[in-house]
Amino acid sequence: MKSAYVWLIDDTEGNGCLGIRILLGDKASEGDRIAAGGAWQLDTDRRWYWKPDAIQPLPPAPPGDLKEPPPPAPSHAIATGELPPGARTVGVARDNDAIYFQIVGPSPISEGDGWQVADQLGSPTALVLNLPGERPSYGGQDLRSSDERWQLRRAQTYWVRIGRLHKRGDKPAMANARTAPIRVP
């Protein structure tokens, strides 16, 4: 069934895995790059969407440097796929690598806590990883529902492409994922 809503995809983080539902009407066409003012509203199914009161066209985004294609639609659902060529274990990761890892610590409690990851379950934490959408929100928008959080499991291998590694002295390094996590079969 055709919906009145379209996805406004965040082109600044997550390679297209983050977005909001927006009621565009005839103010813009699907696929246009825009900035939208407005407010959150509830639809008849009690789902949030963005109701714009102003839309500003934006110039096309510069070409991205990621090798991975964006997902077909924004989601926190975790896809399954094979490791990409050249993927490294998190223990030997370098800036902008595709890395694979397992969760070795608890799930993050607050935005910005990050996931403790290592080469395999039982190994010491090699990296604290922030997944797309998990950095602290601007303006205190921290009322995220469960479908707006990543659901990763221990003893499961995942891969992501990371950005720059941030060394923290004697603590594990931190990095932000540039893609959504992919479950390795």
Side-chain angles (χ1 to χ4, degrees), residues 7-20 33-35 58-121 123-142 144 147-154 156-185:
W7 284 108
L8 179 60
I9 297 172
D10 183 349
D11 63 5
T12 63
E13 181 179 5
N15 195 30
C17 70
L18 302 176
I20 60 170
R33 188 163 183 259
I34 62 168
L58 295 174
D65 62 344
L66 292 176
K67 301 170 189 170
E68 295 78 24
S75 171
H76 277 80
I78 299 176
T80 299
E82 298 297 326
L83 290 173
R88 299 172 176 267
T89 62
V90 68
V92 295
R94 296 186 301 200
D95 293 352
N96 302 311
D97 273 347
I99 61 165
Y100 58 97
F101 58 89
Q102 290 190 356
I103 305 300
V104 295
S107 299
I109 295 172
S110 300
E111 285 75 20
D113 286 350
W115 295 85
Q116 296 175 37
V117 300
D119 294 342
Q120 61 186 7
L121 191 60
S123 297
T125 301
L127 181 72
V128 176
L129 181 65
N130 285 309
L131 295 175
E134 289 189 336
R135 289 188 261 175
S137 299
Y138 297 110
Q141 297 290 336
D142 58 357
R144 294 185 177 128
D147 66 340
E148 296 175 303
R149 297 182 185 278
W150 298 104
Q151 304 294 320
L152 276 59
R153 306 279 182 250
R154 292 169 70 92
Q156 173 63 56
T157 301
Y158 301 93
W159 75 266
V160 296
R161 183 162 303 275
I162 60 170
R164 194 167 157 254
L165 290 170
H166 301 278
K167 307 280 187 206
R168 303 185 310 156
D170 60 345
K171 296 180 183 177
M174 289 190 83
N176 292 322
R178 298 181 66 202
T179 60
I182 304 291
R183 182 182 302 108
V184 177

Residues in side-chain contact (heavy atoms from CB on, under 4.5 Å) with [X], at least two apart?
X: Thr80; answer: Arg183, Pro185
X: Ala118; answer: Val104, Ser123
X: Arg178; answer: Asp65, Leu66, Asn96
X: Pro70; answer: Asn15

Phe101 and its side-chain contact (heavy atoms from CB on, under 4.5 Å) partner, picked from Val184, Val160, Ile162, Thr89: Val160
For the backbone of Ile78 and the side chain of Trp150, can you confirm whether one donor and one acceptor N or O come within less than 3.5 Å of each other? no
Ignoring hydrogens and geometry, is there a side-chain-to-backbone donor-acceptor pair from Asp119 to Gly91 under 3.5 Å? yes
Any salt bridge (charged side-chain N to carboxylate O under 4.0 Å, His left out) involving residues 156-170? Give me the pairs, sequence neighbours left out, ordered by first then second residue. Glu68-Arg161
Can you list every pair that meets salt bridge (charged side-chain N to carboxylate O under 4.0 Å, His left out) and has a residue in residues 71-87, with sequence neighbours left out? none
Qualifying residues under side-chain hydrogen bond (donor to acceptor under 3.5 Å, both in side chains), relative to [X], sequence neighbours excluded:
X: Asp113; value: none
X: Ser110; value: none
X: Arg88; value: Asp97
X: Trp115; value: Glu134

Sequence neighbours excluded, which residues qualify as salt bridge (Lys or Arg N to Asp or Glu O under 4.0 Å) partners of Asp11? Arg33
So which heavy atom on Tyr158 is nearest to which on Gln151, and how close? OH-O, 4.5 Å
